[in-house]
Every structure is written in structure tokens, then in C-alpha cells.
Amino acid sequence: MRTAVVWDALRSVLAERTAATGREGLDIVDAGGGTGGFAVPLAALGHTVTVVDPSPDSLAALERRAKERGVGVSALQGDADDLGELLHRDSADLVLCHSVLEYVEDPISALTAVAGVLRRGGAVSVLAANPVASAIHRALVGHFDEARAVLDDPVGSWGDRDPTPRRFTAETLVELMTATGFAVGAIHGVRVFADLVPSRLVDGEPGAAEALVALEQAAATHPVLRDIATQLHVLGRRA
């Protein structure tokens, strides 16, 4: 439910890239892919997937998940900006960069490394936390000073205890991706309502989950609702 919008976009990219290359199985890199929430399903579709992640525990969990699903996924320990050292240049059709830019030391360096491993015409899928949503969520739990701090802070943090070092608006993501050589495509809001609706309204109610997914899909490109989503999803292509 929380990733339906992202999967919709990825399926479209995969279909386009498959048609362009004539290859049913694409080469995919999941930077910061952790335990394989995206990597394993992509491998199950017949693609060759490599996960690069700094956590050995996450990579071990990835390997267990892949084994349970009966698919092969390559696991490499490293950070997003290590991609150029870990992988060959021009070797990937698609790179996932989900919930990574918020934590890396230098987002420009990370996306430059992503561009280096992509083939011409290849795509990057960027998913990042949105400061506007963080302000809404802090206000809803009564932390009004922190909500205001998010809006005032250049990197969208609400304070020293904030576990997310930085957040990105749609505008700052587009600027970042353009600066690193990507042609920016569709922008979607992810989890517009899913993080706000109480679980009791969804769990156990026939058809409620499906209806919420449909609502999320409708809101993902809405000109106002998109910009209050918990996360923003941007597709970019290497020219």
C-alpha cells in the first residue's frame, strides 16, 4: 500500500527500457537497497539485480529473503558514492536511490556516482523525504515548535534529535538531479494519505486497503496533494 505509486512508476520504466533495449532482463542496481524490499521482487521478474548497502546485517537479511523467494541477488557492501568503485561504468539500465539522499554526506557526489554506472537512456528512481509532510506530522502530534523549525530549516530538519538529516522539496530534487546531468521526468507524491489515516479504518474493513491505494494513486500527481506527501518520487534519465 505504501509503495504502490512507486511500483506503478517502476513498471512503466521497466517496460520502456525493455522495449528500447530488446532485452527482457535488465541490469538494475539498488543503492541503499537494504533488505531487498524492491530488489527481490525485481529479481523475481527476471532482472539482474545488485544491491549496494553499507549495512552487513541488512545484506545478510537480503540474502535470506532472496533465498526464500528462490531468486539470485548480488550483494555488495558500500555507500551510494562508492558505486563507481564497486561497479563498471555504463553497466546499469536502472538505479534505485530510495531513502538514500537524506543520509549521504554529499547528495551531489552520490547522484554523480549513480550517473556514472547508468547506460545512456538508463533511468534513476529517486525517493526522498519531504519537509512539508514532516511539518504536518510534527504538528499533528503536538510538536508545533518542531513543525515550524522544519519549515524554517534549509535542509528540512526539525532539530538535533531528528533522525533524518535532510529532506527535499520537489524543487530541490529537480535542481539536484539536473545539476548531476539527469533529464527529470515524472514527479509523484508517495504516502499522501497512508501515513495520516488511522490503521483501524483500513485493517479488517473489506475493500478499504484497495480503496486507499486507489486514492494514493489519484493523489500522487495532484498539483497540491503531491507536495504534502511523506515522500517524493522522481524519475530521471541519463541523456
Side-chain angles (χ1 to χ4, degrees), residues 1-14 17 26-45 47 49-55 58-59 61-62 65-66 73-83 86-87 92-115 117-118 122-131 133-134 156 163-170 172-174 176-177 180 182 184-192 194-195 216 220 226 229-238:
M1 181 169 58
R2 294 175 183 270
T3 58
V5 169
V6 179
W7 277 110
D8 287 344
L10 290 180
R11 278 189 285 267
S12 177
V13 169
L14 293 171
R17 189 63 181 162
L26 301 176
D27 297 312
I28 300 174
V29 175
D30 191 348
T35 61
F38 281 92
V40 170
L42 287 168
L45 293 174
H47 303 293
V49 184
T50 300
V51 172
V52 177
D53 195 277
S55 168
S58 293
L59 294 177
L62 161 71
R65 176 181 278 183
V73 176
S74 298
L76 298 174
Q77 187 173 356
D79 295 313
D81 51 10
D82 295 329
L83 292 181
L86 298 171
L87 301 167
D93 296 292
L94 171 65
V95 176
L96 308 187
C97 189
H98 294 173
S99 301
V100 169
L101 297 181
E102 299 95 318
Y103 303 98
V104 295
E105 184 173 338
D106 183 358
I108 288 280
S109 177
L111 279 181
T112 299
V114 167
V117 301
L118 273 174
V124 60
S125 170
V126 174
L127 186 65
N130 176 15
S134 181
T164 304
R166 68 176 71 85
R167 296 179 177 87
F168 300 87
T169 63
T172 55
L173 278 178
V174 168
L176 180 60
M177 295 175 69
T180 48
F182 291 101
V184 178
I187 304 173
H188 298 95
V190 178
R191 292 155 54 193
V192 175
D195 290 350
E216 287 285 342
R226 182 200 72 180
T230 299
Q231 294 174 301
L232 296 170
H233 181 247
V234 185
L235 291 172
R237 294 187 184 277
R238 184 192 168 200

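FYI, side chains are in, hydrogens and waters are out, and symmetry mates aren't considered; it's all heavy atoms of this structure.
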Peer 1: Does L232 offer a backbone N or O that forms a donor-acceptor pair with the side chain of N130 under 3.5 Å?
Peer 2: no
Peer 1: Is a side-chain N or O of D27 found less than 3.5 angstrom from the main chain of D93, in a donor-acceptor match?
Peer 2: no
Peer 1: Measuring from atom CD1 of I108 to atom CG of D81, what distance do you get when rounded to the nearest 0.5 angstrom?
Peer 2: 12.5 Å
Peer 1: Closer than 3.5 angstrom, by distance alone: can the side chain of E216 be matched with the main-chain N or O of V190 as a donor-acceptor pair?
Peer 2: no
Peer 1: Does D53 reach the main-chain N or O of S55 with its side chain, forming a donor-acceptor pair under 3.5 Å?
Peer 2: yes
Peer 1: The criterion is salt bridge (charged side-chain N to carboxylate O under 4.0 Å, His left out); which residues satisfy it with R166, sequence neighbours excluded?
Peer 2: none
Peer 1: How close do A170 and R226 get, counting heavy atoms only, and between which atoms?
Peer 2: CB-NH2, 3.8 Å
Peer 1: Going by heavy atoms in the side chains, are V73 and R65 under 4.5 Å from each other?
Peer 2: no
Peer 1: Which value, rounded to the nearest 0.5 Å, describes the distance between L83 atom CG and S109 atom OG?
Peer 2: 9.5 Å
Peer 1: Checking side chain to side chain contact (heavy atoms under 4.5 Å, CB included) between V6 and each of H98, H188, R191, Q231, which is the one that passes?
Peer 2: H98
Peer 1: Nearest 0.5 Å please: distance from the CG atom of L62 over to the OG atom of S74.
Peer 2: 9.5 Å
Peer 1: Does some side-chain heavy atom of V234 sit less than 4.5 Å from a side-chain heavy atom of F168?
Peer 2: no
Peer 1: Are the side chain of T180 and the backbone of L176 linked by a donor-acceptor contact shorter than 3.5 Å?
Peer 2: yes
